[in-house]
Amino acid sequence: MIIARDLYRIYTMGQVKVNALNGVSVEIKKGEFVGVTGPSGSGKSTLLHLLGLLDRPTSGDIQIDGIDTRTLSEDQRSDFRLTRLGYVFQEYALVPELTVFENVILPFMAREEPPDRSRDQVMETLEIIGLGKRVTHLQSELSGGEQQRVAIARAIAGRPSILFADEPCANLDTENSRVILDLLAEINKEMGQTIVMVSHEDWHREYFERIIQLRDGKRVNADRT
């Protein structure tokens with residue numbers, strides 16, 4: 001599913017070089033729910049962005065579904081993200097003027113998929129996440145937890161190979177965080193969805209099948225929960 005070898009990411013800030021990742025290697029298998037943990041500044045989000053093709057490593061290589069991503073042009077990377085990968089972030093990134101249904105169907109429209117099939121998949125996904133009766137509501141009419149569920153629906157409705165979640169509970173209280181994590185665990189189990197999630201909360205560990213722990217841009221564990 002994902003094989004990443006010897007990843008380095010160096011950012012240049014003026015005359016200062018920041019080593020965000022220092023030779024990190026990971027493998028993620030189909031159907032796993034993997035947590036990426038570590039203190040602030042450890043490189044968690046940087047790793048997620050590299051694996052999700054939202055950024056390029058300074059050096060190292062990443063294979064996804066057997067494809068060497070170094071060979072992809074920018075247009076091909078964009079198409080790969082749109083058709084094979086799903087993303088959920090701290091901010092819900094919903095379009096306020098659109099309804100729940102319209103927000104979730106946006107990626108289908110970008111992929112120019114058949115309207116009838118797209119509508120069916122969107123409605124099926126909204127039922128799965130418990131928002132089947134909220135399809136006509138706007139963002140302003142939803143709680144924070146409901147907004148994040150819409151973001152998850154948008155990410156998984158197209159059945160991506162991998163779902164990347166970057167601290168999806170950061171803006172939620174504990175009760176709503178557990179609702180979101182229960183939902184992700186159910187999606188992982190029932191749909192076989194591969195999930196890679198960044199977290200800074202120790203109690204989230206109970207949801208992960210494996211943990212990739214980082215510190216100072218390096219791995220410090222051997223994939224133990």
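By the neighbour-count criterion of 12 heavy atoms within 6.0 Å, atom CE of M109 is sparsely surrounded, having that number or fewer from other residues, nucleotides or ligands. More than 12 heavy-atom neighbours from other residues, nucleotides or ligands sit within 6.0 angstrom of CD on E206. In D65, the CG atom is crowded: over 12 heavy atoms of neighbouring residues, nucleotides or ligands sit closer than 6.0 Å.
Taking the side chain to side chain contact (heavy atoms under 4.5 Å, CB included) definition, one finds that E74 meets it with R56, R77, sequence neighbours left out. Not counting sequence neighbours, Y207 has no partner by the ring pair (Phe, Tyr, Trp, His ring centres under 6.0 Å) test. Partners of L138 according to the side chain to side chain contact (heavy atoms under 4.5 Å, CB included) rule, which considers only residues two or more places apart in sequence or in another chain, are T99, S140, E141. Not a single side chain to side chain contact (heavy atoms under 4.5 Å, CB included) links T136 to another residue, sequence neighbours left out. Not a single salt bridge (Lys or Arg N to Asp or Glu O under 4.0 Å) links E97 to another residue, sequence neighbours left out. Listed by chain and number, the residues in a side chain to side chain contact (heavy atoms under 4.5 Å, CB included) with N171 are Q90, E91, Y92 (sequence neighbours excluded). For R215, the salt bridge (Lys or Arg N to Asp or Glu O under 4.0 Å) test picks out no residue, with sequence neighbours left out.
One finds the CD1 atom of I156 at 8.0 Å from the CD1 atom of I195 (value rounded to the nearest 0.5 Å). We find the CG-OG1 distance between D61 and T71 to be 11.0 Å, quoted to the nearest 0.5 Å. Between the CD1 atom of I3 and the CG atom of L51 there is a distance of 12.0 Å, given to the nearest 0.5 Å. Here the CD-CG distance, from Q76 to L53, works out to 11.5 Å after rounding to the nearest 0.5 Å. A distance of 8.5 Å separates CD1 in I64 from OG in S161, rounded to the nearest 0.5 Å. For the atom pair CG (L172) and OG (S177), the distance works out to 5.0 Å, reported to the nearest 0.5 Å.
The two residues L183 and I128 make their nearest non-hydrogen contact at CD1-O, 4.4 Å. Here the closest heavy-atom approach between residue L94 and residue Q147 is recorded as CD1-O, 3.8 Å. The minimum heavy-atom distance between K17 and I10, with the atom names listed, is CB-CG2, 4.0 Å. Scanning both residues, V26 and I212, for their nearest heavy atoms gives CG1-CD1, 3.8 Å. For the residue pair L82 and P107, the shortest heavy atom distance occurs at CD1-O, 4.3 Å. The minimum heavy-atom distance between V36 and V196, with the atom names listed, is CG2-CG1, 3.9 Å.
Looking at T125, its side chain never comes within 3.5 Å of a backbone N or O of A153 through a donor-acceptor pair. Although no hydrogens or angles enter the test, the distance criterion places no donor-acceptor pair under 3.5 Å between the side chain of T194 and the main chain of K30. The main-chain N or O of N176 is found under 3.5 Å from a side-chain atom of D173 such that the two form a donor-acceptor pair. Listed for the S25 side chain is no donor-acceptor partner under 3.5 Å among the backbone atoms of R5. No donor-acceptor distance shorter than 3.5 angstrom exists from the side chain of R9 to the backbone of P57, with no hydrogens or angles considered. Between the side chain of E32 and the backbone N or O of K29 there is at least one donor-acceptor pair closer than 3.5 Å. Here the side chain of D68 pairs no donor or acceptor atom with the backbone of Q63 at under 3.5 angstrom. Using modelled atom types, one side-chain atom of T69 and one backbone atom of I62 make a donor-acceptor pair closer than 3.5 Å. In this structure, R149 contributes its side chain and G130 its backbone to a donor-acceptor pair below 3.5 Å.
Listed by first then second residue, pairs satisfying side-chain hydrogen bond (donor to acceptor under 3.5 Å, both in side chains) with a partner in residues 34-54 read S45-D166, not counting sequence neighbours. Within the structure, ring-ring contact (aromatic ring centres under 6.0 Å, His included) pairs that include any residue of residues 94-132 do not occur (at least two apart or interchain). For residues 115-140, there are no ring-ring contact (aromatic ring centres under 6.0 Å, His included) pairs, not counting sequence neighbours. Listed by first then second residue, pairs satisfying salt bridge (Lys or Arg N to Asp or Glu O under 4.0 Å) with a partner in residues 181-199 number zero, not counting sequence neighbours. For residues 112-125, every residue pair satisfying the salt bridge (Lys or Arg N to Asp or Glu O under 4.0 Å) rule, not counting sequence neighbours, is listed here: R111-E113, E113-R117, D116-R119, E124-R159.
One hydrophobic cluster holds both M191 and V104 under the rule that ILVMFWY side chains link at heavy-atom gaps under 4.5 Å. With hydrophobic clusters built from ILVMFWY side chains whose heavy atoms lie under 4.5 angstrom apart, F164 shares a cluster with L72. Residues V179 and V150 fall into different hydrophobic clusters, defined by Ile, Leu, Val, Met, Phe, Trp and Tyr side chains chained together at heavy-atom separations under 4.5 Å.
Between P168 and I152 the shortest side-chain heavy-atom distance does not fall below 4.5 Å. Using a 4.5 Å heavy-atom cutoff, the side chains of V34 and E209 are not in contact. In this structure the side chain of F80 reaches within 4.5 angstrom of the side chain of L85, judged on heavy atoms. Looking at heavy atoms from C-beta onward, H204 lies out of side-chain contact with R178 at the 4.5 angstrom threshold. Residues L181 and W203 meet the side-chain proximity criterion, which asks for heavy atoms closer than 4.5 Å. At a threshold of 4.5 Å between non-hydrogen side-chain atoms, the residues R219 and Q213 do not count as touching. Counting heavy atoms from C-beta outward, I162 and M1 have side chains that approach closer than 4.5 Å. Side-chain atoms of E146 and L131, non-hydrogen and from C-beta on, do get closer than 4.5 Å to each other.
Checked against L48 for a side chain to side chain contact (heavy atoms under 4.5 Å, CB included), the options L54, D55, V198 give a single hit: V198.
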Task: Residues L21, L47; criterion side-chain contact (heavy atoms from CB on, under 4.5 Å); working and verdict - done: CA-CA 7 Å; L21 283 184; L47 177 61; 4.1 Å; yes

Inset, instruction - Run the numbers on L184 and L163 for side-chain contact (heavy atoms from CB on, under 4.5 Å), then give the verdict. - result: CA-CA 10 Å; L184 289 175; L163 174 64; 3.9 Å; yes

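Taking the six-membered ring where tryptophan is involved, the planes of F208 and F33 are perpendicular, since the angle between them exceeds 60° and thus also 30°.
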